[in-house]
**Q** 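For reference, the structure I am asking about is given below.
On a predicted model such as this, the values are computed, not experimentally measured, just so you know.
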Amino acid sequence: MIRIGQIGLGYWGKNLVRNFDELAQLTWLCDASEQLRLQFAGRHPAARVTESIEDLLADDELEAVVIATPVPTHYALAKQALEAGKHVFVEKPPAMRGSEMDELLRLAQERELVLMPGHLLLYHPGVLKLKELLDAGELGDLLCVYSNRQNLGIIRRDENALWSLGVHDLSVILHLVQEDPESVVANGNAFLNPGVEDVVFCYLRFPSGKIAHMHLSWLDPHKMRKLTVVGREKMAVFDDMELERKVTIYEKAPWEPAGSYGEWRTRTGDIFSPKIANDEPLRLECEHFLRLVETGPGDHREARDGLRVVRTLDRLTGSLRG
Ligand SMILES: NC(=O)c1ccc[n+]([C@@H]2O[C@H](COP(=O)([O-])OP(=O)(O)OC[C@H]3O[C@@H](n4cnc5c(N)ncnc54)[C@H](O)[C@@H]3O)[C@@H](O)[C@H]2O)c1
């Protein structure tokens with residue numbers, strides 16, 4: 001079994017601990033909080049518990065490190081772990097600047113180590129279905145995609161809505177479009193905490209002409225976790241708030257009858273929901289990381305996806321503050 005050490009045992013970290021405890025050998029648990037260390041030591045007597053990352057990294061038997069600390073600490077911790085020769089799973093986003101993510105990717109490539117950012121939605125069976133539909137040509141050419149990630153709260157102080165919420169949708173949009181945006185625009189405002197934008201609207205345009213939009217906010221009456229994909233032949237919606245109908249496919253499209261000389265009509269047909277497996281996305285994500293540790297990082301696709309996302313977030317931040 002792969003030996004794992006985890007840094008960060010807070011709100012999200014405990015979910016990662018639960019999964020890695022079942023799938024691998026959790027040999028180290030690390031957190032700055034004494035209270036959490038005591039709590040986790042009681043639950044995981046086989047793991048060694050520490051407040052210092054150096055203890056983990058000095059263990060030659062430890063193969064991989066999982067980082068679930070606050071975002072501003074990710075880059076430095078991931079760098080330290082890679083330099084110590086450990087494979088790294090790091091929660092999203094792995095860095096707050098494109099240049100930092102570049103450096104992490106280079107380190108992982110030089111040392112043939114896995115560097116996997118926690119892009120949870122890429123392992124969601126509903127998102128996997130969207131990608132499968134697009135790849136199979138079921139929706140026709142992808143024209144535009146837009147996401148809604150809104151709710152009242154959690155109001156964060158150190159990350160704005162773009163970095164906290166946008167990273168999820170951006171990872172999916174870039175995965176579906178498979179291009180780097182040629183232009184990006186972000187508008188928003190910080191209504192509650194100065195400098196921390198709580199409402200952000202983003203627009204991305206890709207070289208092929210595809211366009212995307214993201215509405216990110218924790219000041220909103222609706223709880224929405226939705227992604228709409230408009231293809232030339234069909235349209236599809238992934239709605240993570242739905243319990244059963246996670247993905248809905250609409251046979252709706254524009255249609256240009258022969259000889260109509262540019263006069264478009266619309267075609268509407270069936271609306272249906274394919275079966276989506278009920279697997280926990282986090283479980284699938286953890287399994288993917290362990291598989292990579294076993295087989296090697298290959299072409300570092302996961303880390304390169306992470307770089308694309310951080311670079312785009314960087315550009316959107318420039319536009320938001322510009
Ligand atoms: N994928 C998802 O859906 C999802 C959801 C929530 C959070 N997250 C991500 O998980 C990460 C953690 O978020 P959270 O909400 O669990 O935060 P949190 O504040 O609840 O937990 C962070 C923990 O890290 C510890 N910590 C901080 N610096 C440390 C250091 N240098 N060494 C050891 N321990 C340290 C803190 O004591 C705390 O217990 C963030 O990157 C966040 O973006 C992901």
**Q** Check each of V88, I2, I4, N19 against F289 using the side-chain contact (heavy atoms from CB on, under 4.5 Å) test, and report the only one that passes.
**A**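 That would be I4.
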
**Q** I'd like to know if D102 and R311 make a salt bridge, using a cut-off of under 4.0 Å between side-chain N and carboxylate O.
**A**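 Here D102 pairs with R311 in a salt bridge, since their nearest N and O are under 4.0 Å apart.
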
**Q** Search all heavy atoms of M241 against all heavy atoms of R225 and return the closest pair with its distance.
**A**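 Between these two residues, the closest heavy atoms are SD-CG, 3.7 Å.
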
**Q** Look at D59 together with R48 and state whether they make a salt bridge at an N to O cut-off of under 4.0 Å.
**A**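 Looking at R48 together with D59, the answer is yes, because their closest N to O distance falls below 4.0 Å.
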
**Q** Take atom NZ of K226 as the centre, draw a 6.0 Å sphere, and report whether it contains more than 12 heavy atoms from other residues, nucleotides or ligands.
**A**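 Incorrect, the count does not exceed 12.
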
**Q** Does S52 form a side chain to side chain donor-acceptor pair (under 3.5 Å) with E54? I'd like the steps, not just the answer.
**A** CA-CA 5 Å; S52 150; E54 278 78 19; 3.1 Å; yes

**Q** Where do Q39 and R43 come nearest, in terms of heavy atoms and distance?
**A**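 Nearest heavy atoms, Q39 then R43: OE1-NH2, 3.0 Å.
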
**Q** Using a 4.5 Å cut-off on heavy atoms from C-beta on, say whether the side chain of Q80 contacts that of L57.
**A**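 Touching, per the 4.5 Å side-chain cut-off.
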
**Q** Give a yes or no on whether the backbone of D299 and the side-chain of R304 come within a donor-acceptor separation of less than 3.5 Å.
**A**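 Yes, R304 side chain to D299 backbone: donor-acceptor pair under 3.5 Å.
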
**Q** Let me check something: do L219 and L165 share a hydrophobic cluster, defined by ILVMFWY side-chain heavy atoms less than 4.5 Å apart, either directly or through other members?
**A**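 In one cluster with L219: L165, yes.
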
**Q** In sequence, state the C-alpha distance, the side-chain angles, and the governing distance for R232 and L143, and then conclude on side-chain contact (heavy atoms from CB on, under 4.5 Å).
**A** CA-CA 7 Å; R232 196 168 276 284; L143 303 179; 4.0 Å; yes

**Q** Of all heavy-atom pairs between D198 and L192, which one has the smallest distance, and what is that distance?
**A**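 Nearest pair, atom of D198 first, then L192: OD2-N, 3.0 Å.
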
**Q** Less than 4.5 Å apart, side chain to side chain, heavy atoms only: is that true for L139 and L134?
**A**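 Yes, their side chains come closer than 4.5 Å.
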
**Q** Going only through I, L, V, M, F, W and Y residues with side-chain contacts under 4.5 Å, is there a path from L292 to L282?
**A**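 They do share one cluster, since a chain of ILVMFWY contacts under 4.5 Å joins L292 to L282.
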
**Q** Quick one: are R97 and D314 in side-chain contact, heavy atoms under 4.5 Å?
**A**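 Side-chain contact under 4.5 Å: yes.
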
**Q** Quick one: does any side-chain atom of E179 pair with a main-chain N or O of S208 as donor and acceptor, under 3.5 Å?
**A**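 It does hold such a pair.
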
**Q** Please answer whether the main-chain N or O of L29 pairs with a side-chain N or O of Q6 as donor and acceptor at a distance below 3.5 Å.
**A**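 Such a contact is absent between Q6 side chain and L29 backbone.
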
**Q** Rounded to the nearest 0.5 Å, how far apart are CG of L152 and CH2 of W218?
**A**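 Going from CG on L152 over to CH2 on W218, the span is 12.0 Å.
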
**Q** Count I, L, V, M, F, W, Y as connected when their side-chain heavy atoms are under 4.5 Å apart, and connections chain through other members. Are L133 and L128 then in the same cluster?
**A**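 No.
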
**Q** From E280 CD over to E285 CD, what is the distance, rounded to the nearest 0.5 angstrom?
**A**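 Here the rounded value is 10.0 Å.
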
**Q** Any chance the side chains of T27 and E61 put a donor and an acceptor closer than 3.5 Å?
**A**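 Note: T27 and E61 side chains miss the donor-acceptor criterion.
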
**Q** Hey, are the side chains of L115 and M101 touching, using non-hydrogen atoms and a 4.5 Å cut-off?
**A**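 Contact flag for L115/M101 side chains = yes.
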
**Q** Looking at E263 and R265, would you say the former's side chain and the latter's main chain have a donor-acceptor pair under 3.5 Å?
**A**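 No; zero donor-acceptor contacts below 3.5 Å.
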
**Q** Please determine, by modelled atom types, if D305 and H119 share a side-chain donor-acceptor pair under 3.5 angstrom.
**A**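 Per modelled atom types, D305 and H119 side chains form no pair under 3.5 Å.
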
**Q** Establish whether Y11 and L16 are linked, either directly or via other cluster members, by ILVMFWY side-chain heavy-atom contacts under 4.5 Å.
**A**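 As far as the 4.5 Å side-chain criterion goes, L16 and Y11 are connected within one cluster.
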
**Q** For the pair K86 (side chain) and L62 (backbone), establish whether a donor and an acceptor sit closer than 3.5 Å, ignoring hydrogens and angles.
**A**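 At least one qualifying donor-acceptor pair exists.
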
**Q** Got a sec: does the OH of Y146 have more than 12 other heavy atoms crowding it under 6.0 Å?
**A**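 No, the 6.0 Å shell around OH holds no more than 12 heavy atoms from other groups.
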
**Q** Can any side-chain N or O of T266 pair as donor or acceptor with the backbone N or O of P254 at less than 3.5 Å?
**A**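 Such a contact is absent between T266 side chain and P254 backbone.
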
**Q** Decide if the gap between the ring center of H213 and the ring center of Y203 is smaller than 6.0 angstrom.
**A**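 No, ring centres 6.0 Å or more apart.
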
**Q** Nearest 0.5 Å, what's the CD1-CD distance between I276 and E242?
**A**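 Nearest 0.5 Å value for the CD1-CD distance: 12.0 Å.
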
**Q** Is the closest basic N to carboxylate O distance between E22 and R18 below 4.0 Å?
**A**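 Looking at R18 together with E22, the answer is no, because their closest N to O distance does not fall below 4.0 Å.
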
**Q** Counting C-beta onward and ignoring hydrogens, is there a side-chain heavy-atom pair between L284 and P125 closer than 4.5 Å?
**A**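 Yes, side chains in contact.
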
**Q** Which atoms form the tightest heavy-atom contact between F206 and A212, and what is the distance?
**A**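 Closest approach of F206 to A212: CE1-CB, 3.9 Å.
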
**Q** Measure from the side-chain N and O atoms of D169 to the backbone N and O of M214, and report whether any donor-acceptor pair falls under 3.5 Å.
**A**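 No: the side chain of D169 does not pair with the backbone of M214.
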
**Q** Are F40 and V17 side-chain neighbours, meaning at least one heavy-atom pair lies under 4.5 Å?
**A**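 In contact.
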
**Q** Within a strict 4.5 Å, meaning less than it, do heavy atoms of the R156 and W163 side chains meet?
**A**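 Not in contact.
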
**Q** Run the numbers on K234 and R267 for side-chain contact (heavy atoms from CB on, under 4.5 Å), then give the verdict.
**A** CA-CA 10 Å; K234 288 180 195 164; R267 176 169 56 77; 5.8 Å; no

**Q** Just by distance, do the side chain of S260 and the backbone of E256 share a donor-acceptor pair under 3.5 Å?
**A**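 Absent.
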
**Q** Just verifying a value: how many Å separate N187 CG and S319 OG, rounded to the nearest 0.5 Å?
**A**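 If I round to the nearest 0.5 Å, the distance is 6.0 Å.
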
**Q** How far apart are the C-alpha atoms of L77 and V90, what are their side-chain angles, what is the distance that settles it, and do they pass the side-chain contact (heavy atoms from CB on, under 4.5 Å) test?
**A** CA-CA 9 Å; L77 292 173; V90 52; over 6 Å; no

**Q** Does K131 NZ have over 12 foreign heavy atoms under 6.0 Å away?
**A**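 It does: K131 NZ has more than 12 such atoms within range.
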
**Q** Can you tell me if D220 uses its side chain to pair, donor with acceptor, with the backbone of H222 under 3.5 Å?
**A**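 Checked: pair present.
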
**Q** Is there side-chain contact between L204 and L170, with heavy atoms separated by less than 4.5 Å?
**A**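 Result yes, sub-4.5 Å side-chain heavy-atom pair found.
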
**Q** Should R37 and E34 count as an ion pair when the cut-off is N to O under 4.0 Å?
**A**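 Here R37 does not pair with E34 in a salt bridge, since their nearest N and O are not under 4.0 Å apart.
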
**Q** To the nearest 0.5 Å, tell me how far T312 OG1 sits from L162 CG.
**A**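 So the OG1 of T312 and the CG of L162 are separated by 10.5 Å.
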
**Q** Give a yes or no on whether a salt bridge exists between D240 and K246, defined as a side-chain N under 4.0 angstrom from a carboxylate O.
**A**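 A salt bridge links D240 with K246.
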
**Q** D180 and P207: which non-hydrogen atoms are nearest, and at how many Å?
**A**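 Minimum heavy-atom separation between D180 and P207: O-CD, 3.1 Å.
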
**Q** Hey, does the side chain of K79 reach the backbone of H74 with a donor-acceptor pair shorter than 3.5 angstrom?
**A**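 Checked: no pair found.
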
**Q** Would you check, one step at a time, whether the test side-chain contact (heavy atoms from CB on, under 4.5 Å) holds for F238 with V172?
**A** CA-CA 11 Å; F238 164 61; V172 177; over 6 Å; no

**Q** Tell me which one of H168, H288, H175 satisfies ring pair (Phe, Tyr, Trp, His ring centres under 6.0 Å) with Y123.
**A**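 The single option meeting the ring pair (Phe, Tyr, Trp, His ring centres under 6.0 Å) with Y123 is H288.
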
**Q** Count I, L, V, M, F, W, Y as connected when their side-chain heavy atoms are under 4.5 Å apart, and connections chain through other members. Are L23 and L9 then in the same cluster?
**A**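 Yes, because L23 and L9 connect within a single hydrophobic cluster, where side-chain heavy atoms sit under 4.5 Å apart.
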
**Q** To check you understand the geometry: which heavy-atom pair defines the closest contact between V200 and E197, and what is its length?
**A**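 Shortest heavy-atom contact: CG2-CB, 3.7 Å.
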
**Q** What distance separates R315 CZ from S183 OG, expressed to the nearest 0.5 Å?
**A**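 Between R315 CZ and S183 OG, I get 7.5 Å after rounding to 0.5 Å.
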
